[in-house]
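A short write-up of the structure that comes next.
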Amino acid sequence: MARIAINPDSWKTNPLNFAPEVTGEWSTPPQIGILDSTVRKITGTPGAKYNPQDVAELTQLASRLGVRWIEVNLVHGNMPSSPKLRKMFAAIAEKRHDFMLVGTAFRNKETIDHAIDNGADAVSISTRGITRDNLDDLKQWHEYAVSKGVKVTATMGARIENLTVAELVERINTLASTGVEYIGIHENTGATSPDAWRYLMKQVHKKLIRNLPICPHIHNMYGQGTLAAVNSVLGGCQGVDVAINGIAIHCGLPALEEVVACLEILYGVDTGIDMSLLRAYSTMLADVFRLDVHPNKAITGKEAFIEELEPFVKEVLETRETGEVRLHGFNPRIFGGEFYVAWGENTVHGDATELKLRQMDLPHDPDSVTRMIRALKQALADKEARDEYPYYLPEGEFEQLARKVFQSTEVDAAHD
């Protein structure tokens, strides 16, 4: 993907982002793959409600979105798979999909067969305790899976905060010496800074014995997840492990939508993702699986693109008339969103109200605007008195109130 700081109608960023003095230390691949852990985090999130068909429908949307891999924890830690998980996995597999569906397994025939028999495209076989000295134990199970017509992936067993750089490189190259499709690296304590992730991945990729995707799985313990994932790509990683809305235990994973937006727009990295479907993917997770999104969350929050401050409301209303594209950093339409307006305590100064009344073909002279502002303030006070969140009037409620206010004006005029 070309590095474009200003993309008309889509985004407007700082040209310094792509200056040689900034990009000189990057080891960024031109394209990466998205390992989507949303499903495995649904099944592991306390209280999440799910059934096989709902999950299968979600993954159909993920397929349209363009994720490259979906990994599902059929086994997890020392916990074996359950009939419910296997039924869900089969429901995903039986629908046509463009991603690689990966099921986790222990190093035994039963759990590998569980994944394969329920439709896995690939199996992630446990690497716990594997070193070069006992690598044949892992390889025999790889050979078994391949003989059954599926691919194999791997997750590095030890967490990187416990390893030196040399040990990390050694363990990754041990797994890379097999025929795995990608290698996941897990760290669920947030112990590694974004800068350290970049450094570590640069060291790994300098010494990697063959070209394959390394996919960091980083928990967002300090709110650093998105930045750490992006930095791992700047260090050379060809994949990142993420989840829509950042869902997961331990403060969540890097949010798929944030990582994609940053890589595509701020770093010029092709993620293969159709960004226009990000909000639809997020909304389905919230509506179907009861996993709420913070209303002001970047990219996918319900109120991420709300404008209530007077000059911004006026600006949105004006661009509707002119047909111009409003770029407040970026155009939310590239993510399937839209700027929308509301009237609250920051929108009772007149300019936005006058413009909106004119657009509605209602009276908008100074006296009419004053009357409407009084009605707005009363409506907002009533909401606050009832503790009725949100404490603003969405545009539809403004329009209802305006028609009510000026309908009474017309009745009074008729009586006169």
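Quick note: numbers below take in every heavy atom, side chains included, and nothing from hydrogens, waters or symmetry partners.
Here R333 pairs with N331, E338 under the side chain to side chain contact (heavy atoms under 4.5 Å, CB included) rule; sequence neighbours left out. For R358, the side chain to side chain contact (heavy atoms under 4.5 Å, CB included) test picks out E321, L355, H364, with sequence neighbours left out. Under the salt bridge (Lys or Arg N to Asp or Glu O under 4.0 Å) criterion, E354 pairs with no residue at all, not counting sequence neighbours. Residues passing the side chain to side chain contact (heavy atoms under 4.5 Å, CB included) test with A304, sequence neighbours excluded: R279. Qualifying salt bridge (Lys or Arg N to Asp or Glu O under 4.0 Å) partners for K109, counting only residues two or more places apart in sequence or in other chains: D113. Every side-chain hydrogen bond (donor to acceptor under 3.5 Å, both in side chains) that S37 has, sequence neighbours left out, goes to R40, D241. Residues meeting the side chain to side chain contact (heavy atoms under 4.5 Å, CB included) test with E110, sequence neighbours left out: N108, H114. Taking the side-chain hydrogen bond (donor to acceptor under 3.5 Å, both in side chains) definition, one finds that E384 meets it with nothing, sequence neighbours left out. Residues passing the salt bridge (Lys or Arg N to Asp or Glu O under 4.0 Å) test with D98 are R96, sequence neighbours excluded. E258 pairs by the side-chain hydrogen bond (donor to acceptor under 3.5 Å, both in side chains) definition with T226, K297, not counting sequence neighbours.
Classified by interplanar angle (parallel below 30°, tilted 30° to 60°, perpendicular above 60°), the ring pair H97/F99 is parallel.
Counting only residues at least two apart or in different chains, ring pair (Phe, Tyr, Trp, His ring centres under 6.0 Å) contacts with residues 131-153 are absent. Screening residues 47-69 for ring pair (Phe, Tyr, Trp, His ring centres under 6.0 Å), with sequence neighbours left out, gives W69-Y182.
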